[in-house]
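Just so you know, these numbers use all the heavy atoms, side chains as well, and skip hydrogens, waters and symmetry mates. All of these numbers come straight from a predicted model, not from anything done at the bench.
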2 protein chains.
Amino acid sequence: MSETDASGPEDARLVALPLYKRAEEAMRARIADGRWPPGARLPNEPRLAEEFGVSHGTLRKALAALEAQGLVERRPGRGTRVARTTDEAAVYAFLRLWDTGGERVIPEPLSEALAEDTATPAEVEELALAEPRVWRLTRCRGHAGRAVSLERMVLPVARFPELGAHRPLPNSLYPFYESAFRQSVVAARDDLTAEPADAEAAAALSVAEGAPLLCAARVARNLSGEPVELRRSLYLTAGIAYRVDLSK
Amino acid sequence: MSETDASGPEDARLVALPLYKRAEEAMRARIADGRWPPGARLPNEPRLAEEFGVSHGTLRKALAALEAQGLVERRPGRGTRVARTTDEAAVYAFLRLWDTGGERVIPEPLSEALAEDTATPAEVEELALAEPRVWRLTRCRGHAGRAVSLERMVLPVARFPELGAHRPLPNSLYPFYESAFRQSVVAARDDLTAEPADAEAAAALSVAEGAPLLCAARVARNLSGEPVELRRSLYLTAGIAYRVDLSK
DNA sequence: AAGTGGTCTAGACCACTCC
DNA sequence: GAGTGGTCTAGACCACTTG
């Protein structure tokens, strides 16, 4: 009852995990820690099934879950690969702007400023920083001939060591984070509010001070759930909206 | 080559649908048209498999898809039922307000006004109306002692025949739509913008005219994709935010 | 105890991709 | 033609709920 009874109260949940879930978590861990980097090809299904000691069907259930989460891409005849964060994928998942005509809006960079700084206590906590050095990136982007967004990003210097060497930064940042710093963003949370334009935003977006702007305060996270980027975007929602699809 | 070749170019897509997808669509249709109303218990898996002429595993794959979409609820030992739109489910899926303390915000009704009216041409199109009579429901809701939202709903009289008989309306409208009018909302699209408060909103929310408000313009749809409700919510985002979770 | 859904297996066959 | 993922089956066994 001491050594043989392995199902103690602590690991009862782990023992109870079904095989397909264990295989899924094992593969997710390989992607998260870089053993299977973006673009890497996975062994084929029979090999994976043998490796994890499960049947074909069970292994496929685990892979289906990873595919549904956008972590791997599967194609008949071609195999299974770890999904790269492409421009298209990043825009699709993380840029929610649409114009009144029903077309997606992808603003183009107008200006950017980058500086190293010390994080505020709130930023240290939100980014779970061991070391308070951060980059502050401010970017203004435009669409259809006018400035529509002013974005202020905060990035840990520890995760993005030589960010200043890559300027000007590409329009789509998340694919760049992945390819240049091995920092993949797979999830984000936006808290949306309406805010009056401050002096800097009013100047950048050519509106009066106090004009209503849509503010999106974001925490972007990697596969391990660690915060990678803070972002505060101010949008001039004239002919543009932040679109959210809700469903059961 | 004439009658035997059933795979003509028109129905090639239909013929190619895998069995699990066909079973899924067949069951979805039964839910959508009311043959399996909310709360109804489905036949057990062996019966359904036999009815659709597929194996246990194939039938389960179809049911798993419906469960993932929130259309059915399954419990070991209890069976499979068509999901009801409960208050909890509706709040979880369609009310995205959180306070700065990280708690969900569920505003309480302060006042409501209901009137029958003729839809504007834009509303006729957005609601796909055959007949332009609509209800206009205006509701003010509050939280923590102050008014935080002013909502204007537009509902087709044809779908909600005796809406006026149910006043005062319950706080959570979507479960009420389902139980009182058999109108289930399973998806919605919110277009978010920042707007200056007009005179009515300023009075209702106790802010100055022109103060920034978060505006959510919504189209809510049923299982068949038909528009059921238009809604324009104005939120006073002081200590409150509209939260959006994004992921690959 | 009976009935339900949940897991897992072993194997067959198909469609697609690439050489 | 060889290799890949996608579909489908038949059956076994388990865990949970209800009477």
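When side chains are defined from C-beta on, B:Thr80 does not count as touching B:Glu67, because their heavy atoms never get closer than 4.5 Å. For the pair B:Leu192/A:Val244, a side-chain contact is recorded, criterion being any heavy-atom separation below 4.5 Å from C-beta on.
Residue B:His166 is tested with B:Phe181, B:Trp135, B:Phe160 for a ring pair (Phe, Tyr, Trp, His ring centres under 6.0 Å); the sole match is B:Phe181.
Proximity of A:Arg75 to the phosphate of C:dC16: no side-chain N or O atom is located under 4.0 Å from OP1 or OP2. At least one side-chain nitrogen or oxygen of B:Thr80 sits closer than 4.0 Å to the OP1 or OP2 atom of C:dG5. Residue A:Tyr20 places at least one side-chain N or O closer than 4.0 Å to OP1 or OP2 of C:dT7. Contact annotation: B:Lys61 does not reach the phosphate of D:dC8 (side-chain N/O to OP1 or OP2, under 4.0 Å). At D:dG5, none of the side-chain N or O atoms of A:Arg78 fall inside 4.0 Å of OP1 or OP2 (strictly under the cut-off). Distances shorter than 4.0 Å separate none of the side-chain N or O atoms of B:Arg60 from OP1 or OP2 on C:dG5. Contact annotation: A:Asn44 does not reach the phosphate of D:dG3 (side-chain N/O to OP1 or OP2, under 4.0 Å).
Atom-to-atom, NE2 of A:His56 to P of D:dG5 comes out at 8 Å; the value is rounded to the nearest Å. Atom-to-atom, CZ of A:Arg41 to C1' of D:dG5 comes out at 11 Å; the value is rounded to the nearest Å. Per the geometry, CD belonging to A:Glu73 stands 16 Å off C1' belonging to D:dT4, to the nearest Å. Going from atom CG of A:Leu63 over to atom P of D:dT4 covers 14 Å, rounded to whole Å. Following rounding to the nearest Å, B:Leu59 (CG) and D:dT9 (P) show an atom-to-atom distance of 10 Å. Look at CG on A:Leu17: it is 15 Å from P on D:dA15, rounded to the nearest Å. Across the protein-nucleic acid pair, A:Leu48 atom CG and D:dG5 atom C1' stand 12 Å apart, rounded to whole Å. Atom C1' of nucleotide C:dT9 and atom CD of A:Glu50 are separated by 16 Å, given to the nearest angstrom.
Contact check on A:Asp245 versus A:Arg96 returns a salt bridge, with a Lys/Arg side-chain nitrogen under 4.0 Å from an Asp/Glu carboxylate oxygen. A salt bridge does not link A:Glu50 with A:Arg47: none of the charged nitrogens is closer than 4.0 Å to a carboxylate oxygen.
Among the heavy atoms of the strands, none lies under 4.0 Å from A:Arg81. At the heavy-atom level, B:Arg47 lies nowhere under 4.0 Å from the strands shown.
Of the two residues near DNA chain C, B:Pro43 and A:Leu19, the one whose nearest nucleotide lies more 5' is B:Pro43. When the nearest nucleotides of DNA chain C are assigned to A:Val54 and B:Arg74 by heavy-atom distance, the more 5′-ward of the two goes with B:Arg74.
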